[in-house]
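One structure below.
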There are 2 protein chains.
Amino acid sequence: MSEQGTVTPARRRGLADEVADRVREAIFSGVYAPGAQLREVELSGALDVSRGPVREALLRLEREGLVRSAWHRGATVTTLTSTDIAELDSLRGTLEHLAVRQVIAHASDEDIAAIDKAADRMERAVDGHEMVRCDIAFHDAVYAAARHRRLQEAWQAIRSQVHLFLLTRIGADSADYLDHIPDEHRSLVVALRARDAATALDLFATHRRHAFDVLTGSDDSDSVEEPGPQDTPSS
Amino acid sequence: MSEQGTVTPARRRGLADEVADRVREAIFSGVYAPGAQLREVELSGALDVSRGPVREALLRLEREGLVRSAWHRGATVTTLTSTDIAELDSLRGTLEHLAVRQVIAHASDEDIAAIDKAADRMERAVDGHEMVRCDIAFHDAVYAAARHRRLQEAWQAIRSQVHLFLLTRIGADSADYLDHIPDEHRSLVVALRARDAATALDLFATHRRHAFDVLTGSDDSDSVEEPGPQDTPSS
DNA sequence: GATTGTAGTGATGTTAACATTACGACATGG
DNA sequence: CCATGTCGTAATGTTAACATCACTACAATC
């Protein structure tokens with residue numbers, strides 16, 4: 001975030017980006033529940049813009065997997081089934097595997113410091129929603145440190161869905177989440193800083209497994225070896 | 001392609017999809033070289049549609065990584081640098097790794113038969129461009145057999161770029177490409193059908209390495225062990 | 001003479017009106 | 001009473017005109 005010496009390219013964003021951000025935040029805030037319809041006229045009226053930018057924003061949210069749309073049937077907020085969550089888990093596992101290797105191989109010390117800062121912010125989180133935001137921000141930092149544009153884009157394609165997934169998690173057990181998660185990320189940073197690939201990969205895997213288990217019901221958070229999330233029950 | 005018993009949902013596509021297909025094909029045909037500008041008015045005039053669908057199509061192509069666009073600066077055809085190719089190789093390696101495991105675990109016999117058919121079509125390819133199309137189609141079939149929506153989407157996000165990459169390859173050595181590649185895919189199908197994970201993963205890795213080596217210059221196509229493409233020289 | 005200010009131009013961004021489509025309600029016929 | 005056909009409505013798809021922006025060339029100033 002706060003780089004020193006280098007100036008940000010100072011890009012100017014269009015209305016579509018703004019609209020996409022607002023709608024995304026509205027979804028995460030619960031204004032639009034999963035399965036709800038996102039009508040173009042309604043959004044354009046509420047945000048006081050024309051339907052063009054709204055259309056473009058919806059297309060962008062579709063790219064993020066936050067929204068599904070069909071021909072002449074409009075856009076609806078994505079509803080995550082159990083197979084969806086399994087897909088997210090396995091794909092995220094594969095992407096993170098590459099990301100961690102990249103970080104250990106090529107990341108600068110500043111990059112890892114940025115990850116550390118993201119982990120710091122988690123401890124100041126009071127609210128469940130805020131904790132989720134910090135969690136996502138942490139992984140954002142990891143992918144940023146990987147210095148791999150396409151990998152980062154692949155992460156952004158599921159990022160919002162993971163956000164949605166974590167949001168349902170805090171409904172299940174917010175107390176446990178708020179307590180244990182910060183420490184978990186701390187150890188991730190330690191492994192990353194030590195450039196210990198094996199340990200880091202292992203920790204990231206168990207980290208994902210914790211989140212995954214809460215929603216699937218199996219509550220034995222220990223007794224985890226190294227099977228990874230590499231499998232998806234087919235439809 | 002030709003499923004029996006099940007009927008296709010009979011979707012109706014919009015103009016934007018049509019435009020995206022045309023422009024994509026035009027890029028692959030060399031009408032628009034890498035780095036060329038894609039002007040909205042020019043395209044809308046040539047295809048006899050308004051700028052709306054063109055805009056939407058360009059957004060779609062940007063999602064596929066075939067096009068890059070900046071604010072008020074329009075869209076240009078992506079130019080692949082060496083680091084881009086390295087990124088594509090590593091990300092594709094990771095995705096294919098998951099795909100192969102998924103196929104071996106969950107694919108039906110019909111799915112593998114479809115992959116087999118795709119491999120068949122390669123032997124009838126006479127032209128370099130056609131061979132590339134078959135090559136891509138083969139991998140499409142593999143990802144389809146994986147039965148993993150988000151994995152398939154992640155592949156589609158780099159699919160066109162890989163296509164572009166393979167296109168530059170046939171410029172380097174079309175003869176060798178046309179001869180050896182079909183056999184290579186044959187053995188991939190055999191390993192998949194036998195559900196032999198280790199062999200399949202190995203073969204897919206060397207398959208990627210062949211394509212990668214031709215463009216990077218190192219011409220020792222043998223002496224390949226199992227280092228995988230798991231690394232990217234950072235920028 | 002190099003730098004800075006300033007229009008011109010050609011593109012993209014945005015808007016509002018028009019066309020087309022899908023879905024549901026209702027009526028009609030078997 | 002169920003099935004089929006028709007119509008209305010409310011949304012999306014498409015279009016063309018308008019507004020804004022970035023780049024270039026040129027001129028004025030120091």
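Each chain gets a letter, A, B and so on, in the order the sequences are listed, and its residues count up from 1. If you're wondering where the values come from, they're calculated on a predicted model, not measured in any experiment.
Shown here is B:R68, whose CZ atom has more than 12 heavy atoms of other residues, nucleotides or ligands within 6.0 Å.
Direction of the helix axis in the helix from C:dG1-D:dC30 to C:dG30-D:dC1 shifts by 10° between the two five-pair termini, rounded to 10°.
Checking A:H106 against A:D111 by side-chain atom types alone, no donor-acceptor pair falls below 3.5 Å. Under the 3.5 Å distance criterion, with hydrogens and angles disregarded, no donor-acceptor pair is assigned to the side chains of A:D17 and B:W71.
Annotation: B:H139 is in aromatic contact with B:H207 [ring centroid separation under 6.0 Å]. Aromatic pair A:H163/A:F28: ring centres closer than 6.0 Å.
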Summarise protein proximity over nucleotides 6-14 of chain D in one line of letters, 5' to 3': B for base, S for sugar-phosphate only, - for none, counting protein heavy atoms closer than 4.0 Å. -----SBBB
Would you sort out whether B:L98 and B:T94 count as a side chain to side chain contact (heavy atoms under 4.5 Å, CB included), showing the intermediate values? CA-CA 7 Å; B:L98 175 58; B:T94 295; over 6 Å; no
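Here the straight-line distance linking atom CG of B:L58 with atom CG of B:L66 works out to 11.0 Å at 0.5 Å rounding.
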